[in-house]
Amino acid sequence: DGTLLWEKDFGIRLRMDMQFGEGTAVTFHDGLLILHFDHLEGGFLVMLDPETGREIWRTDREERFNWAEPYVVEHDGKRQIVVNGLTVRGYDFETGAPIWEVEGLGENTIPQPLQHEDLVFAMSGHTVKNIMAIRLGRTGVLTGTDAVAWSTPRGAPYTPSPLLHDGRLYVLTDNGQLSAFEAETGEPFYRQVRLPKPYNFKASPVGANGKLYLASENEDVVVVRMGDRFEVLATNTLTEQSFIASPIIVDGDIYLRSRTHLFRIGSPES
């Protein structure tokens, strides 16, 4: 009925010269809330009970300008929380204790990490362009070790998160260049291929039924075939619309939120 059940003040006080702080999506996993606050000072990662707002644990962090949401992975039967940043870190799910870390990304990290078997993918595309595949199972400082299975600066996105399907990692840059990498080795099936028109992207790609859906800021939603070969299947124009929010697909319908409208697109039967 819309009744406020609880609210929580985390005690964050931004400096007077800061117009805003970094905000990330909340991660909900196994009935628990996970979120982090990475500001110029006083950052932390925290787990909450969603029924009451009670803190289960809190771990201090020293990261600046980080927008990527926490991502839960599993390795050898244990869960970790991976958080992007200048330094990518893995934390114990139960306690919040740091497990491992790898340097190599830039400021304003936005793309969400992803897991493929024992690899975690982390990337940034602002001050430092880099895509890293980090192998799980190690502890401590892993910078410069073979725990980084592969990396490349080419095709790294600033804003859109990657998409992983059938052993392929699809990465879309803000200026409309699409790449597909073999997840295990980093070998490109194709790299930095431009779409049919000049585009700007903030929304992340989504996939269904062998197709990638790319919602641009420039009226078009481009449909690309998934697989080893780049092929544009369709370009759908919604006149005077600009998409920043990522599409979602539910029960065969696509939901698109533009700056001004919400669209539901599906078959007549749906």
Run the salt bridge (Lys or Arg N to Asp or Glu O under 4.0 Å) test against Arg138 and tell me which residues pass, sequence neighbours left out.
Asp146
Go through the structure and list residues passing salt bridge (Lys or Arg N to Asp or Glu O under 4.0 Å) with Lys211, not counting sequence neighbours.
none
Short side-chain to backbone donor-acceptor contact, [X] and [Y], under 3.5 Å:
X	Y	result
Glu55	Leu48	no
Glu69	Gln112	no
Asn84	Asn66	no
Thr59	Gly96	yes
Thr159	Asp174	no
Thr27	Pro70	yes
Trp67	Asp38	no
Ser179	Gln192	yes

To the nearest 0.5 Å, what is the distance between [atom1] ([X]) and [atom2] ([Y])?
X	Y	atom1	atom2	result
Leu45	Leu35	CG	CG	8.0 Å
Thr260	Gln241	OG1	CD	4.0 Å
Thr87	Arg61	OG1	CZ	8.5 Å
His261	Leu238	NE2	CG	10.0 Å
Leu233	Arg225	CG	CZ	5.0 Å
Asn236	Asp220	CG	CG	8.0 Å

What are the two closest heavy atoms between [X] and [Y], and how far apart are they?
X	Y	result
Arg259	Glu217	NH2-OE1, 3.4 Å
Ala215	Leu256	CB-CD2, 4.3 Å
Asn130	Ser151	OD1-CB, 3.8 Å
Ser161	Pro205	O-CD, 3.3 Å
Glu103	Thr143	N-OG1, 2.9 Å
Ala68	Pro111	CB-O, 3.4 Å

[atom1]/[X]: more than 12 non-hydrogen atoms of other groups inside 6.0 Å:
X	atom1	answer
His75	NE2	yes
Glu51	CD	no
Lys129	NZ	no
Arg168	CZ	yes

Under 4.5 Å between side-chain heavy atoms, counting indirect links through other Ile/Leu/Val/Met/Phe/Trp/Tyr residues: same cluster for [X] and [Y] or not?
X	Y	value
Ile244	Phe263	no
Ile81	Val26	no
Phe243	Val206	yes
Phe44	Trp57	no
Phe10	Leu5	yes

Residues at least two apart in sequence or cross-chain that pass side chain to side chain donor-acceptor pair (under 3.5 Å) with Glu74, listed by chain then number, are none
Pro50: which residues meet the side chain to side chain contact (heavy atoms under 4.5 Å, CB included) condition with it, sequence neighbours left out?
Phe28, Leu33
List, by chain and then residue number, the residues other than Leu163 in its hydrophobic cluster (Ile/Leu/Val/Met/Phe/Trp/Tyr, side-chain heavy atoms under 4.5 Å); write none if there are no others.
Tyr170, Leu172, Leu178, Phe189, Tyr190, Val193, Leu195, Tyr199, Phe201, Leu212, Leu214, Val222, Val224, Met226, Phe230, Val232
Each residue besides Leu169 in its hydrophobic cluster should be listed here, by chain and number; the cluster joins Ile, Leu, Val, Met, Phe, Trp and Tyr at side-chain heavy-atom distances under 4.5 Å.
Tyr71, Val73, Val82, Val88, Ile99, Trp100, Val102, Leu105, Leu114, Leu119, Val120, Phe121, Met123, Ile131, Met132, Ile134, Leu136, Leu142, Val148, Trp150, Leu164, Val171, Phe181
In terms of side-chain geometry, is the basic nitrogen of Lys78 or Glu94 positioned less than 4.0 Å from the acidic oxygen of its partner?
no
Lys/Arg N to Asp/Glu carboxylate O, Glu184 vs Arg135, below 4.0 Å
yes
Side chains of [X] and [Y]: does their closest heavy-atom pair fall under 4.5 Å?
X	Y	answer
Glu107	Leu86	yes
Arg54	Ile56	yes
Asp30	Arg79	yes
Tyr91	Met47	no
Glu63	His36	no
Arg264	Tyr255	yes
Thr127	Asn108	no

Starting from the C-alpha separation in whole Å, work towards a yes-or-no answer on side chain to side chain contact (heavy atoms under 4.5 Å, CB included) for Lys197 and Thr235.
CA-CA 10 Å; Lys197 291 162 50 177; Thr235 300; 5.5 Å; no
